[in-house]
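These notes are about the structure you will find just below.
Here the structure is a predicted model, which means the values were calculated and not measured.
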Amino acid sequence: MLDEYRKKRDFAKTGEPAPDELKSEQSLYVIQKHNARRIHFDFRLEHDGVLKSWAVPKGLSDDPRDKRLAIRTEDHPVAYAEFSGEIPEGEYGAGTVELWDKGKFVNITIKKRKGPAS
């Protein structure tokens, strides 16, 4: 699942976590501010042992009526939920990554299928 992530990075040069495909069973979400070629936000949801990821180029909004384009990117390892720091010049995604928000979420469609919590 993390082949594309692995191909785009030289882990001897970047401080980003190496692929790990571990399930945390926590249902994490992460929002990271990424100052790469241009500032954008990365939105990530844990699913099947990886962080499914989207780039949100126009940033976040306080107004729930605002629509924001989210562009699907490669899956990231769960350990990326803790990553903040510099990605060196010349590396994929070069720039500063800042942890903006992190927490747990409940997938209500899965919860509904499983029935009431015990």
Side-chain angles (χ1 to χ4, degrees):
M1 278 184 151
L2 294 171
D3 291 342
E4 188 177 349
Y5 175 87
R6 189 178 289 109
K7 286 179 198 174
K8 292 181 175 185
R9 291 160 177 84
D10 181 344
F11 297 103
K13 295 180 181 176
T14 182
E16 295 170 283
D20 58 10
E21 293 193 37
L22 69 105
K23 287 190 177 187
S24 76
E25 303 295 330
Q26 294 183 46
S27 298
L28 295 173
Y29 76 86
V30 179
I31 300 171
Q32 292 162 312
K33 185 177 180 183
H34 191 176
N35 188 356
R37 282 180 286 158
R38 47 188 255 181
I39 295 174
H40 65 278
F41 287 84
D42 292 316
F43 175 65
R44 309 185 197 285
L45 292 174
E46 182 184 358
H47 182 70
D48 285 340
V50 298
L51 293 174
K52 300 293 184 180
S53 301
W54 295 263
V56 183
K58 291 200 175 187
L60 308 176
S61 173
D62 291 332
D63 186 345
R65 294 171 296 187
D66 287 346
K67 297 191 185 309
R68 291 289 190 256
L69 172 67
I71 302 164
R72 184 75 167 92
T73 63
E74 76 277 7
D75 294 344
H76 284 58
V78 172
Y80 211 93
E82 301 295 329
F83 180 71
S84 286
E86 290 292 322
I87 300 172
E89 195 64 40
E91 292 301 301
Y92 176 76
T96 305
V97 177
E98 177 185 344
L99 186 57
W100 194 261
D101 192 19
K102 179 182 162 189
K104 296 178 184 178
F105 72 96
V106 175
N107 183 333
I108 60 173
T109 59
I110 291 173
K111 189 174 180 178
K112 284 180 185 176
R113 279 187 260 146
K114 288 183 179 178
S118 28

Heavy atoms only: give me the nearest Met1-Asp48 pair and the separation to one decimal.
-> SD-O, 3.7 Å

Any salt bridge between Glu89 and Lys13, counting N to O under 4.0 Å?
-> no

In plain terms, say whether Arg72 and Asp75 are close enough for a salt bridge, that is, a side-chain N and a carboxylate O under 4.0 Å apart.
-> yes

In sequence, state the C-alpha distance, the side-chain angles, and the governing distance for Glu46 and Tyr29, and then conclude on side chain to side chain contact (heavy atoms under 4.5 Å, CB included).
-> CA-CA 6 Å; Glu46 182 184 358; Tyr29 76 86; over 6 Å; no

For Thr14 and Arg9, which heavy atoms make the closest approach, and how far apart are they?
-> CG2-CB, 4.4 Å

Would you say His34's side chain and Gly93's backbone share a donor-acceptor pair under 3.5 angstrom?
-> yes

Taking all non-hydrogen atoms of both residues, which atom of Leu69 and which atom of Pro57 are closest, and how far apart?
-> O-CD, 3.4 Å

Judged by atom type as modelled, is there a donor-acceptor pair below 3.5 Å linking the side chain of Gln32 to the main-chain atoms of Phe83?
-> yes

At their closest point, which heavy atom of Leu51 faces which heavy atom of Ser53, and how far apart are they?
-> O-OG, 3.1 Å

Would a hydrophobic clustering, with Ile, Leu, Val, Met, Phe, Trp and Tyr connected at side-chain separations under 4.5 Å, put Trp54 with Ile31?
-> yes

Is atom CZ of Arg38 surrounded by more than 12 heavy atoms (other residues, nucleotides or ligands) closer than 6.0 Å?
-> no

Pair Trp100-Leu60, side chain to side chain contact (heavy atoms under 4.5 Å, CB included): steps then yes or no = CA-CA 11 Å; Trp100 194 261; Leu60 308 176; 3.8 Å; yes

Give the intermediate values and the outcome of side chain to side chain donor-acceptor pair (under 3.5 Å) for residues Ser84 and Glu98.
-> CA-CA 5 Å; Ser84 286; Glu98 177 185 344; over 6 Å; no

With Asp66, which residues qualify under side chain to side chain contact (heavy atoms under 4.5 Å, CB included), at least two apart?
-> Ser61, Asp63, Arg68

For the pair Glu74 and His76, evaluate side chain to side chain contact (heavy atoms under 4.5 Å, CB included) and give the outcome as yes or no after the intermediate values.
-> CA-CA 6 Å; Glu74 76 277 7; His76 284 58; 3.4 Å; yes

Apply the test side chain to side chain contact (heavy atoms under 4.5 Å, CB included) to residues Val97 and Ile87: give CA-CA distance (whole Å), side-chain angles for both, the deciding distance (0.1 Å), then the verdict.
-> CA-CA 8 Å; Val97 177; Ile87 300 172; 3.8 Å; yes

Is atom NZ of Lys8 surrounded by more than 12 heavy atoms (other residues, nucleotides or ligands) closer than 6.0 Å?
-> yes

How far apart are the closest heavy atoms of Val56 and Ala70, and which atoms are they?
-> CG2-CB, 4.3 Å

In Å, rounded to the nearest 0.5 Å, how long is the span from CZ of Phe43 to CG of Asp101?
-> 10.0 Å

Non-hydrogen atoms of Tyr5 and Pro17 that approach each other most closely = OH-O, 2.6 Å

Atom pair NZ/OH of Lys7 and Tyr92 - distance to nearest 0.5 Å | 13.0 Å

Show which residues join Leu99 in its hydrophobic cluster (side-chain heavy-atom contacts under 4.5 Å, direct or indirect), or state none.
-> Val30

